[in-house]
Amino acid sequence: MLDPKYIREHIEEVRMNCKRRNVRIDIDTYIELDKKHLAMIHIVESIRAERNAVAAKMQNANPDERAVFIAQGKELKESLASQENELVACAVEWKNLLLQFPNLTHPDVPEGKTDDENTELRIVGEIKKLSQPLDHIALCQKYDLVDFERATKVTGSKFYFLKGKLARLEQALISYTLDLLEPEGYLAITTPDIAKDDILVGAGFQPRGPETQIYSIENSDISLIGTSEITLGGYHKDETFSCATLPIKYAGISHCYRTEAGSYGRESYGLYRVHQFSKVEMFIVCTPEQSEAMHLELLRLEERVFQQLEIPYRVVDICSGDLGGPAYRKYDLEAWMWGRNMGKGGWGEITSTSNCTDFQARRLNIRVKGDDGVSHFVHTLNGTAISLARALIAILENHQQEDGSILIPQVLVPYCGFKKIG
RNA sequence: GGAGAGGUGGCAGAGUGGUCGAAUGCGCCAGACUCGAAAUCUGGUUUGCCUGCAAGGGUAACGUGAGUUCGAAUCUCACCCUCUCCGCCA
């Protein structure tokens, strides 16, 4: 959510920002609503002031005066009720529109409408030369590592059962990642896999509606989370930190659920796009001054994970039109995957890190009190430490050998207890 | 799931219709005293929104929401949460 005052004072900037970010929103209607909303607040508060004044006079009034004041009060009460109803109706409309504004945009974010226009910053690692690389589905079939077919009986499509060494590898990756993050100050924390809708909204998600990617539970106000960023943001809702306690860093462990409505085709084969996966998510609460440095730290740690796993990847600076609502700036890591691009190999998104500045904090009401005693909204950031399913794809496909076996990255061997598959 | 008790400021804890944004204590901040500290004393100490150059003014908030009333922390209803006991249970 943007600061309504900021919008009022920077209308043209906000208008341009929406355009850059490819978000269609009727700003002129919003401005009208904002004016009306302020006007209604004035009206309602002045009636309340009158009512309070009459009530105060009541205390020392004689019986005759009392009768007069009561009559006055009754009258005020009626007009107040009708004006309050109008205010509430106006406020709902106003707030709904306000929530649709995307965050402001970092000045260095590349211009662009779609992910085609993201900027590749660098490629790290070497893509192994293989005469006949297999994709992860073929590899999993060969060694019986995952069962999609039987899963359809239990859950429908896009769920899976991981089996044997792949199940062990998933657990190993989680433990390895937590060990890597702990010395960097990230507290391991398992979170619920569900959250109330107002928490989802606070984190910038839309839990209900035709476009939603969120599973919600019928006859309730709770939904399955798509990332532990949601529960970790909610964890600190309505809190005020003293600045000495920041930054706070979490390594959040949860399952993630996504409906993936509207996705289909070659992008959604195998484990690449699934309805449920496990994830270790880094989440940071910090002061506004700290957030840019924290964002670079998150990117550095994401890169370290994939360097240690010996997986070639590229770093992508996400363009303005592809940022989504909450992010002020976003970097993705894309790993090499042989299964992409019709089997010719290509880059597949594997992590994503966003600086959300105060966008989520404003909605969740998370503040920090500075040394000056003034309270500001905190900044929140998130970054994928390891996203299972996709990390497993990258390991299987990049560590397959000419003889068809799969070598486990050295750093994982102590965690999973075996060196190769096949 | 059943029965009971309860939810008030950073914490503890008063307040049962108007004088209550809220006593008191603790904590915290500043000052005095002190070589310094402790103790003591004095003063200060919630937040959001609206308005104003500012000082200030207005409004809202006592778990949440609705209701009664001229007026609600206080009365009524619903819901949420916590605690104790019982039941069930991974």
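Labels below follow one simple rule: chain letters A, B, ... track the order of the sequence lines, proteins then strands, and each chain is numbered from 1.
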Within the 3.5 Å criterion, strictly below it, is a donor on [X] or [Y] matched to an acceptor on the partner's side chain?
X	Y	result
A:Lys279	A:Thr227	yes
A:Tyr415	A:Gln171	no
A:Tyr328	A:His379	no
A:Arg20	A:Thr105	no
A:Tyr250	A:Glu281	no

- prompt: Which part of the nucleic acid does A:Asn52 contact within heavy-atom distance under 4.0 Å: base, sugar-phosphate only, or nothing?
  reply: sugar-phosphate

- prompt: At under 4.0 Å between heavy atoms, what does A:Arg51 touch on the DNA or RNA strands: base, sugar-phosphate, or nothing?
  reply: sugar-phosphate

Pairwise [atom1] distance for [N] and [M], with rounding to whole Å:
N	M	atom1	value
B:rG4	B:rG9	C1'	29 Å
B:rC53	B:rC79	C1'	47 Å
B:rA38	B:rA32	P	14 Å
B:rA30	B:rU24	P	23 Å
B:rA14	B:rA23	C1'	6 Å
B:rC11	B:rU47	P	14 Å
B:rA22	B:rG17	C1'	15 Å
B:rG7	B:rU76	P	14 Å

State the pairing partner of [N]; accept Watson-Crick or G-U wobble contacts with both distances under 3.5 Å, and report none otherwise.
N	value
B:rG9	none
B:rA23	none
B:rC83	B:rG4
B:rG71	none

message: Check for me whether the distance between the ring centres of A:Tyr30 and A:Phe101 falls short of 6.0 Å.
response: yes

query: Are A:Tyr272 and A:His136 close enough that their ring centres sit under 6.0 Å apart?
result: no

- prompt: With distance as the sole test, does A:Glu93 use its side chain to make a donor-acceptor pair with the main-chain N or O of A:Cys90 at under 3.5 Å?
  reply: no

- prompt: Would you find a donor on one side and an acceptor on the other, under 3.5 Å apart, between the side chain of A:Arg390 and the backbone of A:Gly348?
  reply: no

task: Between A:Glu50 and A:Arg66, just flag the one whose closest nucleotide in RNA chain B comes earlier from the 5' side.
output: A:Arg66

message: Assuming nearest nucleotide by heavy-atom distance, tell me which of A:Gln59 and A:Arg48 is located more 5' along RNA chain B.
response: A:Gln59

Output one line per pair: protein atom, nucleotide atom from nucleotides 75-80 of chain B, and distance, for all N/O pairs under 3.5 Å.
none

- line: dist A:Leu38:CG -> A:Arg8:CZ (nearest 0.5 Å) comes out at 4.5 Å

- request: Please round to the nearest 0.5 Å and tell me the distance separating atom NZ of A:Lys249 and atom CD of A:Glu182.
  value: 12.5 Å

- prompt: B:rU64 C1' sits how many Å from A:Asp221 CG, rounded?
  reply: 12 Å

statement: Note: contacts of residues 69-85 of chain A with RNA chain B (heavy atom, under 4.0 Å) are A:Ile70, A:Gly73, A:Lys74, A:Lys77

- prompt: Once each nucleotide of nucleotides 44-50 of chain B is scored for protein heavy atoms under 4.0 Å, what B/S/- sequence comes out, 5' to 3'?
  reply: ---SS-S

- prompt: Cation over ring, A:Lys165 on A:Phe418, under 6.0 Å and within 45°?
  reply: yes

